[in-house]
Peer 1: 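Sharing a structure, written as structure tokens. Questions coming.
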Amino acid sequence: MNRALRPDAVLIQAVIAGALSFAHLHDLAAAAGQSGWKAWAYPISVDLLLVAAWRRLRVGRDGASWTWFAIALAASLGANIATAGLLDLGHVPAWLRILVAGWPALAFLGGTLLVHTPTPATASAETCPEPEPAPEVQLHRTDTPPVPAPASAPAELAPAPAKSPTPAAPVPTVPAALVDHARAIAESHRKTTGEPITADGLTARLGLPAPTCQAIAAQLELT
């Protein structure tokens, strides 16, 4: 269902201001020697550059957008002031004729830069460095049991040799990075459950050989 258009004071004011500015730019261009359709093209060029700069400012406020917005605003405001009686439109100075004649190239340059220059948000996203990968932790197993020597056949009627005591298993060397990783797991478990993690629970979380996990649990004083 279409709603009826209601008059708006701001919209009416915008239409009036746009019409007056459009007419002033046309009169100034015609006085500067641009006759016929060329005089009507100048107001369109100025307003298009002003709108393009304003749209760019809404996306990202960079210096180029403000520069071209100020140039287009100065052209529109200058035409309004020049046609207010401060300038003899019958005898336009040469410098003003040069500015009017060079405006199309300047407007085309500004519009091209505003459209094809990437916005600040896009440029920052392209230059954002990728996060560095986490350092790899290399594990070396030191709990491999020694290979027993092949038993020789006992000599006949020889006394049985005395049994030597079983050597204690060597304590595996645990890297500091692995200990810090296990400490972080234990701290996370304590914050989540409110209770310290057990040695069996840490072994299940790490998934490493039992002697290595026991050495880590001993360093963290886990039961």
Side-chain angles (χ1 to χ4, degrees), residues 1-137 184 188 191:
M1 181 178 180
N2 296 330
R3 296 182 298 176
L5 295 177
R6 295 180 297 176
D8 186 90
V10 177
L11 180 60
I12 296 175
Q13 182 68 21
V15 172
I16 295 174
L20 291 176
S21 178
F22 195 91
H24 291 161
L25 285 167
H26 168 269
D27 295 343
L28 183 62
Q34 308 297 326
S35 59
W37 65 270
K38 294 182 290 184
W40 292 107
Y42 274 85
I44 299 176
S45 176
V46 173
D47 291 343
L48 286 179
L49 182 60
L50 192 64
V51 171
W54 172 248
R55 288 175 61 88
R56 179 62 180 266
L57 284 174
R58 295 184 63 184
V59 176
R61 298 177 180 271
D62 55 344
S65 303
W66 281 113
T67 300
W68 291 110
F69 183 80
I71 291 174
L73 183 63
S76 178
L77 185 61
N80 296 334
I81 297 175
T83 55
L86 301 180
L87 181 66
D88 185 6
L89 297 182
H91 300 84
V92 177
W95 61 267
L96 185 56
R97 292 177 180 269
I98 295 174
L99 288 179
V100 172
W103 172 259
L106 182 64
F108 177 76
L109 175 63
T112 303
L113 293 178
L114 288 173
V115 171
H116 295 286
T117 303
T119 59
T122 305
S124 61
E126 293 178 353
T127 57
C128 181
E130 298 182 356
E132 297 182 357
E136 298 182 357
V137 178
S188 176
K191 291 182 178 180

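Positions are given from 1, in the same order as the sequence printed here. Keep in mind that what you see is a predicted model, and the values were worked out from it rather than measured.
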Peer 1: Can you pull out every side chain to side chain donor-acceptor pair (under 3.5 Å) where at least one residue sits in residues 98-111? Sequence neighbours excluded, please.
Peer 2: S45-W103
Peer 1: Using side-chain contact (heavy atoms from CB on, under 4.5 Å) as the criterion, list what pairs up with A31, not counting sequence neighbours.
Peer 2: L89, V92
Peer 1: Just jot down the side-chain contact (heavy atoms from CB on, under 4.5 Å) partners of W37, sequence neighbours excluded, or say none.
Peer 2: A41
Peer 1: What are the two closest non-hydrogen atoms of Y42 and A101, and how far apart are they?
Peer 2: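 Nearest heavy atoms, Y42 then A101: OH-CA, 3.8 Å.
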Peer 1: Using 0.5 Å steps for rounding, measure from the CD1 atom of I81 to the CG atom of L28.
Peer 2: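 Atom-to-atom, I81:CD1 and L28:CG are 11.5 Å apart.
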Peer 1: D27: what forms a side-chain hydrogen bond (donor to acceptor under 3.5 Å, both in side chains) with it, not counting sequence neighbours?
Peer 2: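 Not a single residue meets the side-chain hydrogen bond (donor to acceptor under 3.5 Å, both in side chains) criterion with D27.
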Peer 1: What closest approach, in Å, do G110 and L49 show between heavy atoms, and which atom pair accounts for it?
Peer 2: C-CD1, 3.9 Å
Peer 1: Give a yes or no on this: more than 12 heavy atoms of other residues, nucleotides or ligands lie within 6.0 Å of atom CZ of R97.
Peer 2: yes
Peer 1: So how far is it from I16 CD1 to L11 CG, rounded to the nearest 0.5 Å?
Peer 2: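 The CD1 atom of I16 sits 10.0 Å away from the CG atom of L11.
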Peer 1: Do V46 and F22 make a side-chain contact, defined as non-hydrogen atoms from C-beta onward lying under 4.5 Å apart?
Peer 2: no
Peer 1: Who pairs with H26 by ring pair (Phe, Tyr, Trp, His ring centres under 6.0 Å), at least two apart in sequence or on another chain?
Peer 2: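 Scan of H26 (ring pair (Phe, Tyr, Trp, His ring centres under 6.0 Å), adjacent residues dropped) gives W40.
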Peer 1: For T112 and F108, indicate whether the former's side chain and the latter's backbone hold a donor-acceptor pair under 3.5 Å.
Peer 2: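 Yes, T112 side chain to F108 backbone: donor-acceptor pair under 3.5 Å.
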Peer 1: How far apart are the closest heavy atoms of R56 and L114, and which atoms are they?
Peer 2: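 R56 and L114 have their closest heavy atoms at NH1-O, 2.8 Å.
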Peer 1: Do L106 and W68 come close enough that some side-chain heavy atom pair is under 4.5 Å?
Peer 2: yes
Peer 1: Taking all atoms of both residues into account, what is the closest heavy-atom pair of L25 and A79, and its distance?
Peer 2: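 Looking at all heavy atoms of both residues, the shortest contact is CD2-CB, 3.3 Å.
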Peer 1: Checking A30 now: which residues fulfil side-chain contact (heavy atoms from CB on, under 4.5 Å) with it, not counting sequence neighbours?
Peer 2: A39
